[in-house]
Each structure stands twice: as C-alpha cells, then as structure tokens.
Amino acid sequence: MNTENVVTRFPPSPTGTLHIGGARTALFNWLFARHHNGRFILRIEDTDKARSTREDTEIIVESMKWLGLDWDEGPYFQSQRTEIYAECIKKLLSAGKAYYCHCSQEELDQRRKQAKDKGLKPKYDGKCRDLNLGKAPGAVVRLKSPLSGTINFKDLVKGVISVDTEELDDLILQRSDGSFTYNFAVVVDDSKMGITYVIRGDDHVNNTPRQILIYQALGEPLPHYAHLPMILGPDRTPLSKRHGATSVLAYRDMGVLPHALVNSLARLGWSHGDQEEFSIQELVDLFSLTHVGKSAGIFNMEKLLDLNGKYIRAEDDARLADLLLPFLADLGCSGLDKEQVKGAVRTLKPRANTLVDMAQGALFYFKAITYDKGADEKFLRPELLTILEDLLAELKIAPEFTQKGLEGVFSALLEKHQIKLGKIAQPVRVALTGKTVSPGIFEVMEVLGRENAIKRLANAISHIKGKKANG
RNA sequence: GUCCCCAUCGUCUAGCCAGGUCCAGGACAUCGGCCUUUCACGCCGACAACACCGGUUCAAAUCCGGUUGGGGACGCCA
C-alpha cells in the first residue's frame, strides 16, 4: 500500500442502533485512515425517509464518540444532498447512460416472479430501455448498463472478484417519488467526497459491480475496495436483535471499557501474529488490510469480558473510580467520598470483569449490609463471641488502621487465642460485608475505615448475642 | 433457481501468497494443579482443529480440481 491519498468513510443508515458489526466496519475504516494519515468521513445514509430517525443518528454519533472513533468530516446527510444527485441524474440522462422506465411495481413484481418460475434470474428485463420514454408520473430512472462483458475488481481482502454483466440489470437510480437509491447515492457521494478506499461489510460485494457500473457511467475513477467478513451470532446467523446485547451502547452500559471493545472488535477478523492485546496507538500503527481474514466469525463475548477484566486491572484507580461513579449511582449510591471509592476500586479490581460487576461488588462498602442467610447460620456463631469481642477491643486501640497494621493486630490475636486465621476470617468477613465472598478482610477494613469496621463488628456481636438469647 | 464469497481446536485466530522448520502455535472457554482468610487475580498443566475426495510433488494445512457445508446477492431497503 503506497502512501497515496487515503480517504475512508463510514456510512451508517440511521435505521437502528450502531451494532458491533457496524462498529467494526467503522473501526477498520478509522484505523486504515489513521494508519495512513488519511481522512475519515462520517456520512449518514438517510435516503430511506420512512425508516431513518433522528434518534438513531444521535445514537450512532454517541457510539462513535464513546469508541473514540473521531471523524475529520461530517456527519454529512444524504437527505441534504439531493441537488447533487439530481445534477448527476441529469448528466446521465442527457448522455444516454440512463433512461426513464414506466413499468409499475406490480408489473415488475409479476415479471420477476415469472422469471423465477422459469428458473431464470429475477432481474429487470429491460422493457423500457430503448423506448426513449420521457419523464412521467410514476416513472423511475434506470442506469443503462452494458449488456455484456465482465466486471473485475481487486478486493483488498478477498482478491480478484469477477462478475458477468449479464448477471446485473438496469438498476434504479431515482425512484418514482424523486428520491435516490442507495447504490446511486453511495457512488455519487463516494466520488464527490474523494473516497479512495471503500471498506465495508461482506454483504456489499454483490453491490460492488453495480456501483462500478455507475462510476463508469459517471466517468469517475474507481476507489479501492475491501470487504470485511460478517460478524455472526452464536447460532451462526447474522447479528440481529435476537442475539441480545449487540448495540455498542449496551456494552457501555454493561460496564465494558471502550478500549476493550475496540481491541476485541479489531481482533475479530484482523490479526497481528499471536498478539491479543493492543493499545489504540498500536492498532493504528499495525493495522493493515492484508491481515484481515476472509471468513465470517462469531463475536466471542467471554473473550471480551476477559479482556475487559485485564484492562480494568491495568487502569489507574482514580480514573476507574470516576468511571465507576455513575454505575454506583445507578445502584443508589451517590455523594460518595472519592478516596473511599478509590480504595474500593483497588480492592475490587482483580475480581471484576465489568464496571457493573465492580459496582455491585462495592455496594457493601457504601450501603448498610444484611447477612446472607447461609453465611449468618454458618459463620456468626456464639462460640466465637469471646474472640470477636477481643478483636473489637483491639481494633479500637490499633495504632494503624491499615492493611499492614491490621495484619499485626490479627496475628497477635491468633497467637493469644491459639487459633488459625481460617477460624475467624470467614466470620469476620460476614460481619463486615454480610457475604462469604469479598476482597481480603484486611483491605476491606482499611477501606471501610476504623469507625465503620468497628460498628459492623459490634453489630455482628450483638446479632450473635440476640440469636443466643432467642435460641 | 442463478450468480458471488467462504471453510484450521467449542469460539477468535497464527501458519497458507513465496510447499518441507507444523504428528499445526497463541488466546478465550472448559478441566486439573499451585498460591491462599473466601472469591477472584496470578502462575503451571491438560483437553481440543487443518470439512471431504481426488490431483500435482520426493514432500501439501499450504498449490490445483471437484464434493459437501455455510453465508451473501438477485428490492422504487441500506
């Protein structure tokens, strides 16, 4: 790949959220442009007025921003470019490269069906092609494409693809309502915007020969093409709502770090030897179309979560605390002490794969606890009363309420009572957190702070006494 | 139906273009172990794949042909 002018684009249609398939297409276009110091353009393809919505446009923009895929131009809206398309139609018409077709939709459907029944390709039969018809209500404009020949193009990921023009028909460029079709608008925009590399999903390979025909009719130079393999759901069918969390924002809300998602998406279809983890800069530096695979793949959720856990562990505590705050707020914790949240983050990092996990795991620090039933029965037992009361007394006078200092307090206590840590670790854990699973009890105590830790231990002691009195 | 594309562990993939160094490497998941105050983290190990059939060749995961399987397209959707 030489260092010619590289301009790529991402052209989503705002008829749904940005899902991970689209996000990966956007990512590869972005990476390719950044790698080559080129430009990356965002274009909203809203030619389908009935299905395009403003909310979806906003979701797409928000998703792109969250992923960190910044664009150099746009967003452009196809709905605002109709004069440009109309101009091109005029040119094609007067050059004899396009024509009006008066066939009604019903007629076409019927003829298509007939062709199909006869085992023929259900394509337009060219009825109006040479009739030299004029503009009329209900008429569409079709491309007058060559009757014979072969279209060859070199796909940067799939290699040479060739299609016989007989497979193609005279596709509609402008609809009877005056609006323009996808294939036409794309070509006009790509050529007007100077797009040099069209990187898109596999599902467009069949469109490419048609679009090439339009380029040729327009007399514009062709871009390079690269078609990315599809992303499939676990059932090997194309991604859809059925597959649950597929929208980019759903991953954000799940507590996935954008870096982790970007990394995962990059590794789905692209590789750099055995390397699994990449910084964004590395991705930009190393990305190349030559290492994009050809076959469709299934998005591996477990692997994303694992990677996310790794990035959480690698992330700075203070930054993580900031990221965690909104998730804690969702769980009803607000107005928290930043230092304490930071402490909580530190203790939870190794055991959280998402920010949601982490927020849930941190809840006991910030909210009143209740004892899990089984934990209560199993560990908060009367025979521990003496030791726990002794512990409480020692904690009150411990010189340093830090992980290290507390270790000292405990080892003295164990020595004194001639017991092992195993005997009281779980009871203390339950007293402090209400659960049998938590970060280490010393770090928990440190983050909780002396006052809180003492209060919880005292509560547990009176709870045990209450049980004793009643039972 | 016609055309286009694809095919390595359960999953993502390396290797394939320039055939031997591959009885196929890494990662996730799974299973075992170590560490250990719980759960994790971390570390160590195990399981597990070249879709099939032919051809070329001294030699094929790698090249060629076919078969099967999967995906896509054939819209006044994008």
Side-chain angles (χ1 to χ4, degrees), chain A residues 11-16 45-48 50-52 101 103-105 108-109 112 115-124 138-142 155 158-159 161-164 166-169 171-177 179-183 185-186 201-210 227 229-230 232 234 236-238 264 267-277 290-291 293-307 309-310 313 348-353 361 375 379 410 420-430 433 435-442:
Chain A
S13 61
T15 56
E45 312 224 315
D46 53 352
T47 52
D48 184 350
R51 297 197 301 146
S52 300
C101 166
C103 299
S104 73
Q105 277 188 64
L108 293 172
D109 287 345
R112 246 195 294 272
K116 216 164 181 170
D117 289 345
K118 274 195 268 180
L120 297 172
K121 191 133 183 133
K123 60 175 200 175
Y124 178 60
V140 300
V141 176
R142 286 184 184 272
D155 189 286
K158 294 187 183 293
I161 293 176
S162 54
V163 175
D164 210 348
E166 283 172 30
E167 293 302 322
L168 279 17
D169 62 4
L171 74 173
I172 294 175
L173 307 177
Q174 185 172 21
R175 301 186 186 100
S176 53
D177 69 354
S179 65
F180 302 92
T181 59
Y182 164 77
N183 279 120
V186 163
D202 231 352
D203 47 339
H204 286 289
V205 288
N206 293 286
N207 282 328
T208 305
R210 301 165 207 286
H227 288 96
M230 306 258 82
L232 272 22
R236 296 210 154 272
T237 63
S264 293
R267 277 291 286 108
L268 212 198
W270 172 83
S271 62
H272 180 71
D274 285 338
Q275 189 171 345
E276 296 285 349
E277 293 172 43
T290 60
H291 284 94
K294 297 180 181 184
S295 50
I298 299 170
F299 185 67
N300 191 337
M301 187 66 171
E302 270 91 37
K303 202 162 174 173
L304 166 68
L305 260 19
D306 176 75
L307 228 209
K310 287 192 168 89
R313 264 161 256 137
L348 263 359
K349 256 165 127 174
R351 48 209 108 215
N353 279 341
F379 295 112
F410 270 74
K420 292 237 168 87
L421 180 59
K423 179 151 187 185
I424 56 165
Q426 283 300 74
V428 170
R429 185 186 315 283
V430 175
T433 70
K435 298 174 296 187
T436 53
V437 171
S438 81
I441 52 177
F442 303 133

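Chain naming here is simple, since letters A, B, ... match the order of the sequence lines and numbering starts at 1 in each. Quick caveat: nothing in here was measured; it's all calculated off a predicted structure.
For the pair A:Asp117 CG and B:G1 C1', the interatomic distance rounds to 10 Å; values are reported in whole Å. In this structure, CZ of A:Arg51 is placed 8 Å from P of B:A78, rounded to the nearest angstrom. With rounding to whole Å, A:Asp306 atom CG is found 16 Å from B:G26 atom P. As rounded to whole Å, 14 Å separates atom P of B:A29 from atom CZ of A:Phe299. Put simply, CG on A:Leu307 is 10 Å from P on B:A29, counting in whole angstrom units. Taking atom CD1 of A:Ile441 as the reference point, atom P of B:U36 lies 16 Å away to the nearest angstrom. Atom NZ in A:Lys310 sits roughly 6 Å away from atom P in B:G42 (whole-Å rounding).
At a threshold of 4.0 angstrom between heavy atoms, the contacts of A:Leu421 include nucleobase atoms, whether or not backbone atoms are also involved. No contact: A:Thr15 has no heavy atom under 4.0 Å from any strand.
Note on A:Lys121 versus A:Glu166: no salt bridge recorded, every NZ/NE/NH1/NH2 to OD/OE distance being 4.0 Å or above. Ion pairing of A:Arg112 with A:Asp109 is present here, as a side-chain N (NZ or NE/NH1/NH2) and a carboxylate O approach within less than 4.0 Å. Ion pair A:Asp169/A:Arg142 not flagged as a salt bridge, since none of the NZ, NE, NH1 or NH2 atoms sits closer than 4.0 Å to an Asp/Glu carboxylate oxygen.
Minimum atom distance to the side chain of A:Phe442 is reached by B:U37, of the listed B:C12, B:A7, B:U37. Closest to the side chain of A:Asp48, out of B:A78, B:U13, B:G15, is B:A78. Here the nucleotide nearest the side chain of A:Tyr182, chosen from B:A78, B:U13, B:A40, is B:A78. You'll find that the side chain of A:Ser295 is closest to B:A7, out of B:A7, B:C39, B:U37.
Between A:Asn300 and A:Arg267, the side chains place no donor N or O within less than 3.5 Å of an acceptor N or O (distance only, hydrogens not considered). Between the side chains of A:Thr433 and A:Arg429, no donor N or O sits under 3.5 Å from an acceptor N or O. Using modelled atom types, one finds a donor on one side chain and an acceptor on the other under 3.5 Å when comparing A:Asp155 with A:His227.
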Can you give one letter per nucleotide of nucleotides 69-76 of chain B, 5' to 3': B if a protein heavy atom sits under 4.0 Å from the base, S if only from the sugar-phosphate, - if neither? --SBBBSB
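One cannot find a donor-acceptor pair under 3.5 Å joining the base of B:C41 and the side-chain atoms of A:Arg313.
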